[in-house]
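Order of the sequence lines sets the chain letters (A, B, ...), proteins ahead of strands, with each chain counted from 1. For clarity, every value in this text was computed on a predicted model and none was experimentally measured.
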Amino acid sequence: MSDSTSPEEKKSLNFIEVVIEKDLNEGLNDGRIQTRFPPEPNGYLHIGHAKAICLDFGLAQKYGGACNLRFDDTNPVKEDVEYVDAIKEDIKWLGFDWANVFYASDYFPQLWDFAIQLIKEGKAYVDEQSAEEIAKQKGTPTQAGTNSPYRDRPIEESLELFAKMNQGVLDEGSMVLRAKVDMASSNMHFRDPIIYRIIKQAHHRTGNQWYAYPMYDFAHGQCDYFEGVTHSVCTLEFVVHRPLYDWFIDSLAASNYRPRQYEFNRLNLTYTVMSKRKLLQLVQENLVTGWDDPRMPTLSGYRRRGYTPQSIRNFIDKIGYTKYDGMIDVALLEFAVREDLNKKATRVSAVIDPIKLVITNYPDNQTESLEAQNNPENPESGSHSILFSKELYIERDDFMEEAPKKYFRLTPGQEVRLKHAYIIKCTGCKRDDLGNVTEVYAEYDPQTKSGMSESGRKVKGTIHWVSTQDAIDIEVRLYDRLFTAEDTSADKGIDFKTLLNPNSLIVKKGCKAESFLKTALAYHQFQFQRIGYFNVDPDSNVDQLVFNRTVTLKDSWGKIKDQ
RNA sequence: AGCCUUGUCGUCUAACGGUAGGACUGGAGACUUUGGAUCUCUAUACCGGGGUUCGAAUCCCUGCGAGGCUACCA
């Protein structure tokens, strides 16, 4: 066999792709591939959802199939249209599009009919016990459950009561419809699962049309079937639900077509809380400014933080799909953004901790315009002009009066290159009464302007700067990750309020900066250990910046981790 | 405890039963129109024990570990 695949094509298939290719080869479902992305509209999408989105939509794309967006809205108590809209926006932002938008609530009539069918077949019954009694009878994983006294009630009676459940005359919790499966099964989901319950709250789409609502287990597989989904992909915690999924499909499927469920490992990220419950709590208790707070691990949060959709998709692509529960190092996500932004973002300069630099031999009132490349890694990206003048701001720590040997920046007697401008030689500095440096002095060499013949001269260091005339003040808000504990995989007894990163909100540092361009990436001498994105004032024309290097964050994380 | 899923470098992830590879992270170095870029080098892994086989990460048995399940949530 000749194998002429390029390295790109040689990327190994994930286990679901293997299944699909096998199904395709066997001509299953007439060679049709259909998936769905089924969020419950009860919150915003987070980075974990991106993994499911990339798979659901990606599989359909790769195999010429269709992927529907289906809102799993079977519980009106938790759901809202606000979330529906936000979810659509975030999927589109990631660059995917759905074949159709469906709602589980679209299928309420069909599900209702199917429930009646089950009752008539003696496979479902109305139970009038309390939730507590039902739970008690369920038994434990090692102990069989006991049958409900209503389990063998006449079919007619169940039919009558089921109809009544949907009339709005019964209290919530007064009765439920249960499937009659096996109270002794080792799979707890087989112990006569509840499939309909009474909820007397308006649904965001169907209003007060229904009072009896199907449970997830009774809705999901059937919706897949009604829609023609062939490969229903979900996360690992639904593995134990699959037998029940199949049980219902067995009773429902008339043709040779049937949907199949496959499960992959959900995304766990270090230092990142993915629990929707906790994210909701953060929003509700105003600990963050909203679902799209740049500290949130939501897609809208990452978006505001400056992440590109491509970087998130690249990240998902790197981590792969398996069936083993792991914990991905968030450094991989951050690598993905850097990798993408390095190629795209416009480089600008920002001086965060300014000190004045005076070029003593530069004419007092002269200014000149210099060209700065937008992105050195991409020659096509063009350039923008920056203003040079006698007085500049540079970073305070780019100057040292008495420098160690390997200090390549400004120190008396040493030359450095001013980025995009001239080579200068430091001549000294001025100090105030307390001994703090207030001004630094240097002389420039006019022959060394960027691009000139002399400009090739070797100097040991390059520093960035902004002109005092051209500089604008901006308020910088530095955001870092919201959470600090490495393993935040929820419900481990962590008080989530302690997870708020004390370093996450550094709202200060008025600073001088040159005019920024949109989606700017600042490279400079500051040391942020982790890449930190920050948004600037909405009134300025800057959307986002990327700052690198810090010295403080890593240390504090270490301490918190050790406690 | 029972059932289900699952164990490959620190972390993710590959390898028709045939050389354990890649990426991130870490370390070292080079390079100076900033560099956390780029380039070079480098470290670290098949959970243990038995089998089957010429040959096992891969198949079988067994032990151990991890995660999930016992919601009128999804």
Gap in Å between the two P atoms, one belonging to B:rA56 and one to B:rU52, rounded: 11 Å

Sugar-phosphate only, base, or nothing, as touched by A:M215 at under 4.0 Å among non-hydrogen atoms: sugar-phosphate

Nucleotide paired to B:rU11 in any strand shown, Watson-Crick or G-U, under 3.5 Å: B:rA23

Proximity of A:H241 and A:Y245 rings by center, below 6.0 Å: no

Electrostatic pair A:K425:A:D445 at N-O distance under 4.0 angstrom: no

Sugar-phosphate only, base, or nothing, as touched by A:N187 at under 4.0 Å among non-hydrogen atoms: nothing

Rounded P spacing from B:rU5 to B:rC60 in Å: 13 Å

Sugar-phosphate only, base, or nothing, as touched by A:Q129 at under 4.0 Å among non-hydrogen atoms: base

A:Y103: partners by ring-ring contact (aromatic ring centres under 6.0 Å, His included), with sequence neighbours left out: A:F71

Residue closer to the 5' end of RNA chain B, A:L418 versus A:I194 (nearest nucleotide): A:L418

P gap between B:rU58 and B:rC3, integer Å: 24 Å

Sugar-phosphate only, base, or nothing, as touched by A:S130 at under 4.0 Å among non-hydrogen atoms: base

Sugar-phosphate, base or nothing in reach of A:Y213, heavy atoms under 4.0 Å: nothing

Check ion pair A:E415-A:K460 (N to O, under 4.0 angstrom): no

Touch class at under 4.0 angstrom, heavy-atom based, for A:V239 against every strand present: sugar-phosphate

Result of checking A:F190, A:F218, A:Y225 against A:F248 for ring-ring contact (aromatic ring centres under 6.0 Å, His included): A:F218

B:rU53 and B:rG18, which share atom name C1', separated by this distance in whole Å: 12 Å

Touch class at under 4.0 angstrom, heavy-atom based, for A:K276 against every strand present: nothing

Counterpart base for B:rA28, defined by Watson-Crick or G-U wobble contacts under 3.5 Å: B:rU40

Most 5' of A:S174 and A:G461 on RNA chain B, judged by nearest nucleotide: A:G461

Straight-line distance of A:Y213 OH to A:N166 CG, nearest 0.5 Å: 8.5 Å

Under-4.0 Å salt bridge between A:R266 and A:D325: no

Pairing nucleotide - B:rG55, Watson-Crick or G-U, each distance under 3.5 Å: none

C1' gap between B:rU8 and B:rA45, integer Å: 6 Å

Check: A:R197 side chain, A:G173 main-chain N or O, donor-acceptor pair, under 3.5 Å: no

Atom C1', compared across B:rC16 and B:rA28: separation rounded to whole Å: 40 Å

A:R70 side chain vs A:R36 backbone, donor-acceptor pair below 3.5 Å: no

Whole-Å C1' distance, B:rC46 and B:rC41: 26 Å

Any-strand Watson-Crick or G-U partner of B:rC3, both distances under 3.5 Å: B:rG68

Donor-acceptor pair between A:D56 and A:T35 side chains, under 3.5 angstrom: no

Basic-acidic side-chain contact under 4.0 Å: A:K318, A:E339: yes

C1'-based separation of B:rA15 from B:rG22 [nearest Å]: 11 Å

Counter-base of B:rG48, judged by Watson-Crick or G-U geometry with both distances under 3.5 Å: B:rU62

Side chain A:H189 and base B:rA71 donor-acceptor under 3.5 Å: no

Below 4.0 Å: OP1/OP2 of B:rG68 and any side-chain N or O of A:R266: no

Nucleic acid contacts of residues 134-142 of chain A, taken as heavy-atom distances under 4.0 Å to RNA chain B: A:G139, A:T140, A:P141, A:T142

Per-nucleotide protein contact string for nucleotides 11-16 of chain B, where B marks a base within reach and S marks sugar-phosphate only (heavy atoms under 4.0 Å, - for neither): SSSS--

